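Please read these numbers as outputs of a predicted model, since none were measured by experiment.
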Amino acid sequence: MLVAILIIIFRYGWLQLVQGTELSERMRYQVGQDYLVQSPRGAILDRNGRELAASTMTKSLFIDPNNVDPEKKAQLAKDLAPLVGKTEDDILKLIDVGGGFVWVKRRLDQSEYEAIRAMIKEKEYSTCLNFLDEAKRYYPNDVLAANVLGFVGTDDKGLDGIEQAFDKYIKGEVTESFLYTDTRERPILESIFDRHGYQGDRCKTIQLTIDSAIQFIVEQELDRAMAENKPVAVTCVAIDPKTGEILAMASRPTYNPNRFWDYDDEVWKNRAVSFVYEPGSTFKTITAGAALQEGIVSPNQIFVDPGYVMVSGMRIQNWNGASFGTVTFADVVKQSLNTGFALIGLELGGERLVKYAHLFGFGDVTGIELPGEEAGLLYSPDEMVDSDIATMAIGQSIAVTPLQLVRAMSAVANDGLLLKPHIVKSIKNANGTIYSETQVEPLRKTIDPATDKTLVGLLEQVVATGGGQKAKVRGYRVAGKTGTAQKIRADGTGYAEGSYIASFCGFGPVENPRIALLVMIDDPSGVFYGGQIAAPVAGRIFSQVFRYLRIEPSDAPTNEEEEISADVGEGDSSGSSAITTYTPPKVETPAPAAEEENYEDSQDSAEVVVPDFYGKSIRQAARLASDTGLSIETSGSGFAISQSIPPGAVVPRSSIIKIDFSP
C-alpha cells in the first residue's frame, strides 16, 4: 500500500508540476471558449425616464473568403444574395477580396438572422459564414427630438447631437471573456459562478432635461406652422427660466434618425444653436431693459414719433411707415416703434448698448451640452457709427442664435438673473449609480429686480393689448415681444428682397414663470409679421403646456379695457387683479412759457414759427418739433449744434427741419 501511495504521489506531482502547464492549455483548448462580449450603447432618457434612444444586441454577418470552397462559390452567392438584399455579383466580389474576414451585412433584423442561420445549417456553410454580436441603435419615437439626439454611425460612433457630444460616455465596448463549457456550450466549473456582465466604465445613461410631452406639443405646433405658412424652416426652444433647463428644442424640417442616411445633411443641423440671424424687434427687450436700468426713460415718459428719423444718412421708419404722434414709452414698446428705440439707442450710446447685450449673453456661446453652437455677432463699440447704434437698438446689425435669445428672455422672467442653459440633467453609470448631476448655474445679474419688474410689465402689455395679442392665453398672464426682421442674403451682401424672419419670444405665467419660449419662422409665404404668424404658435404652445403642467389660471382680467398696466416695481406681481399705474415722470420744460403759448396758438394756423433747437437732445428736439407741428431729420448724436432753418423763421406746418447733433 505504501508503494502504491508513493506511485500515486509521484504521478500526481509529475502531472501537476512537470506537465501541468501543457495539460492546462490542452484542457483550455478542449473544454473552453473565448467570447467577445459586446456591451450595448447607453440609453438616452427624457427628464421623466422615458426612452428617447436605446440599443439592442443584433447579429452581423461576415464571410471568411479563405474557407470558401471554390467549387461552391457560385452556389454560396446564389443562396446568400436574396437573404441579405444583395446581388450574386456583390457576394462574389466580397469573396474575391480574400483574407479571413469580410463584412456581408451588419445589424441584421431578427427575421434576416433566422433565415441566414437556417440556410447556413442546411447548406453546411458554417466554415465560411458566421455571425458577430453588435449593438443596434433605435429611436422609438422616430422624429421626436431628432435634432437634439443626433444619430449613430455603423461603428457605434455618435455623429451628431447628444450622441456625438457624449459619445465617450455612452459608447458600447467589446471585451473578451473566457468560459469553460461542456459539449453543448453550457458553462461548467468556475464559469458557472463568474460574473460576465459588463463591468467597464462606458455605456452610461444620459438623462436629458427635455420633457417628451412638451417636446411633442412643440413639434406638433411646428408641423402646423409649416403647413399654414409654408416657410423655409421653423424653430422653437422652450426653457424653464428658473433653472435654465431646456424643456423642448425642435426644428422643421427634420429627419428620422433611424434612417438618417435618407436625408440631406442640412436637415441634420440643430438650428436652435447653429442658426445665426438678426432678431429684429425681439431684441428691443434688451434695449428697453438697458434704457430703464440707466434711467434714460420711464414707462410714462412722453415721446413724439415723427414716423421716421434720419441717422447718418439712413432712414429709420416704423413698421407701417406712419407716425404715431405723441406716445409714452410704454406705447413705444407696445407698438414696437423703431423711431423711439432708435432715439433711445443713440442716447444709450454704443458702449452701453453693447455692454448690456453682453450682460444678457449675446456675442458668446451659451456653453450648452450640444455640438456646433455658434456665438453670434456683436459690434465692437469703438467701430460703431450712429447708424450702427440706431439699427442695433431695433434688432439689426446684430446676429444671435435662437437659444441666446430665449435665454435672454428667461433672464427677464427670472428677476434679471442670467442662467447657463442645460439640456443634460444627469449621467448614470452602467450599474445605475449617479456619475454626475447638473446643477442650476447662475452667471450674473443683468438688470436690477425693480427695473426687471417694470420691463416685465411693459412686455405683458405687448401681449395684452399690443402687437403680441395673438399669444394670449385666456385666464393666464403672458409677457413677450414680437419681431419681424428682413433676412440677410446667404452671401452676406445685404438683405434679401421679400424674405423675412417672424418671431415671438415670451414667458408665462407672469406671476410665476414656468416656461419661456421662442418661436422663429424663417421666410414664410404670404403674411410675414411675427405678431400675425409666430405669436399664435406660441399662444397654442403656452395653452397646452400650462394645462400639462397643471398650472392654475390666475384671476387676471380678460377684457382689454381691464388689462393690467405695467408694473414699475412697487406693485404686487403675484397675480392679483389690483391695477398698478405709473407715476408720471417729471418732464423738463423745453422752452419758456411765453414761447409755449406761441406754439400752442400756432397749432391752428397754416404756418408756424421755427423754435431754437440749439443744445437740445434728440428726444427734446423731437418733442419740441412735434409741439410746434414740424418734423425733423437728425444727423449725429448728443446735442443740437445747428439747424437747417434758423430760429424765428415762419414756415408752413409739417415742414422738415434738418438738425445736426454732436456729443
Side-chain angles (χ1 to χ4, degrees), residues 141-149 161 210 212 214-239 246-257 263-282 370 372 374 395 399-407 409 423 468 470-471 480-488 490 496 498-507 515-545:
N141 303 299
D142 291 334
V143 302
L144 189 76
N147 298 99
V148 172
L149 299 175
I210 293 285
S212 56
I214 298 178
Q215 182 78 22
F216 178 76
I217 290 169
V218 166
E219 295 199 19
Q220 200 174 36
E221 290 303 327
L222 294 194
D223 288 334
R224 178 174 173 178
M226 288 290 288
E228 291 179 350
N229 303 295
K230 296 178 176 54
V232 171
V234 186
T235 301
C236 179
V237 183
I239 187 171
I246 303 298
L247 301 176
M249 180 181 284
S251 294
R252 289 294 185 272
T254 187
Y255 66 100
N256 185 341
Y263 299 83
D264 187 82
D265 55 4
E266 281 296 317
V267 179
W268 299 344
K269 292 181 180 179
N270 187 346
R271 293 170 62 89
V273 298
S274 64
F275 181 68
V276 177
Y277 70 106
E278 287 191 351
S281 295
T282 50
L370 287 169
E374 295 284 349
V400 307
T401 65
L403 180 60
Q404 287 176 333
L405 190 57
V406 75
R407 177 174 73 152
M409 186 62 78
I423 201 166
K470 292 194 174 183
K481 187 74 186 71
T482 60
T484 307
Q486 201 165 357
K487 191 175 177 181
I488 298 176
S499 294
Y500 297 88
I501 292 179
S503 56
F504 174 89
C505 192
F507 57 88
I515 180 174
L517 64 84
L518 167 72
V519 174
M520 186 195 72
I521 303 179
D522 183 1
D523 200 5
S525 299
V527 179
F528 55 82
Y529 290 115
Q532 297 296 315
I533 61 174
V537 178
R540 292 192 294 268
I541 293 173
F542 276 132
S543 177
Q544 295 177 72
V545 171

- request: Please check if the side chain of Asn147 supplies one atom and the backbone of Trp268 the other of a donor-acceptor pair under 3.5 Å.
  value: yes

task: Mind listing the closest non-hydrogen atom pair of Ala248 and Val218 along with its distance?
output: CB-CG2, 3.8 Å

query: Quick one: does Thr282's side chain get under 4.5 Å of Met520's, heavy atoms only?
result: no

- line: To the nearest 0.5 Å, atom CZ of Arg224 lies from atom CZ of Arg540 at 3.5 Å

field: OH on Tyr277 to CD on Gln486, rounded to 0.5 Å
entry: 16.0 Å

statement: Residues Pro536 and Gly531: closest non-hydrogen pair is CD-O, 4.0 Å

- request: Could you give me the CA-CA distance, side-chain angles and deciding distance for Leu518 and Met409, then say whether side-chain contact (heavy atoms from CB on, under 4.5 Å) is met?
  value: CA-CA 9 Å; Leu518 167 72; Met409 186 62 78; over 6 Å; no

message: Within the 4.5 Å heavy-atom criterion, are Val143 and Tyr255 side-chain neighbours or not?
response: no

task: For residues Cys236 and Ile541, determine if any side-chain heavy atom of one lies less than 4.5 Å from a side-chain heavy atom of the other.
output: yes

query: Looking only at heavy atoms, what is the nearest atom pair of Ala225 and Pro231, with distance?
result: O-CD, 3.9 Å

message: Working to the nearest 0.5 angstrom, can you tell me the gap between Ile521 CD1 and Ile501 CD1?
response: 11.0 Å

field: Test side-chain contact (heavy atoms from CB on, under 4.5 Å) applied to Arg252 and Asp223, step by step
entry: CA-CA 7 Å; Arg252 289 294 185 272; Asp223 288 334; 2.5 Å; yes

query: Under 3.5 Å, side chain of Thr401 to main-chain N/O of Ser274, donor-acceptor pair present?
result: no

query: Going from CG on Asn229 to CD on Gln532, what distance comes out if it is rounded to the nearest 0.5 angstrom?
result: 11.0 Å

query: In terms of ring plane angle, is the pair Tyr500 and Phe528 parallel, tilted or perpendicular, where the classes change at 30° and 60°?
result: parallel

- line: For Gly530 and Thr484 the tightest heavy-atom approach is N-OG1, 2.9 Å

query: Between atom CG of Asn256 and atom CG of Leu144, what is the distance when rounded to the nearest 0.5 Å?
result: 11.0 Å

CD1 on Ile214 to CG on Leu517, rounded to 0.5 Å: 10.0 Å

task: State which residue, out of Val237, Val148, Thr235, Leu403, fulfils the side chain to side chain contact (heavy atoms under 4.5 Å, CB included) condition with Val273.
output: Leu403

- prompt: Sub-3.5 Å donor-acceptor pair from the side chain of Glu219 to the main-chain atoms of Ala145, do we have one?
  reply: yes

field: Check: Phe507 and Ile239 side chains under 4.5 Å, non-hydrogen atoms
entry: no

statement: Taking every heavy atom of Phe504 against every heavy atom of Ala534, the minimum-distance pair comes out as N-CB, 3.7 Å

query: When you look at OH of Tyr263, are more than 12 heavy atoms from neighbouring residues, nucleotides or ligands closer to it than 6.0 Å?
result: yes

- prompt: Nearest heavy-atom pair of Pro402 and Ala272: which atoms, and what distance?
  reply: CD-O, 3.5 Å

message: Quick one, Asp522 with Arg271, criterion side-chain contact (heavy atoms from CB on, under 4.5 Å). Give me CA distance, side-chain angles, the key distance, then yes/no.
response: CA-CA 11 Å; Asp522 183 1; Arg271 293 170 62 89; 2.8 Å; yes

query: Donor-acceptor pair, Asp264 side chain versus Glu266 backbone, under 3.5 Å?
result: yes

field: Check: Gln215 side chain, Met249 main-chain N or O, donor-acceptor pair, under 3.5 Å
entry: yes

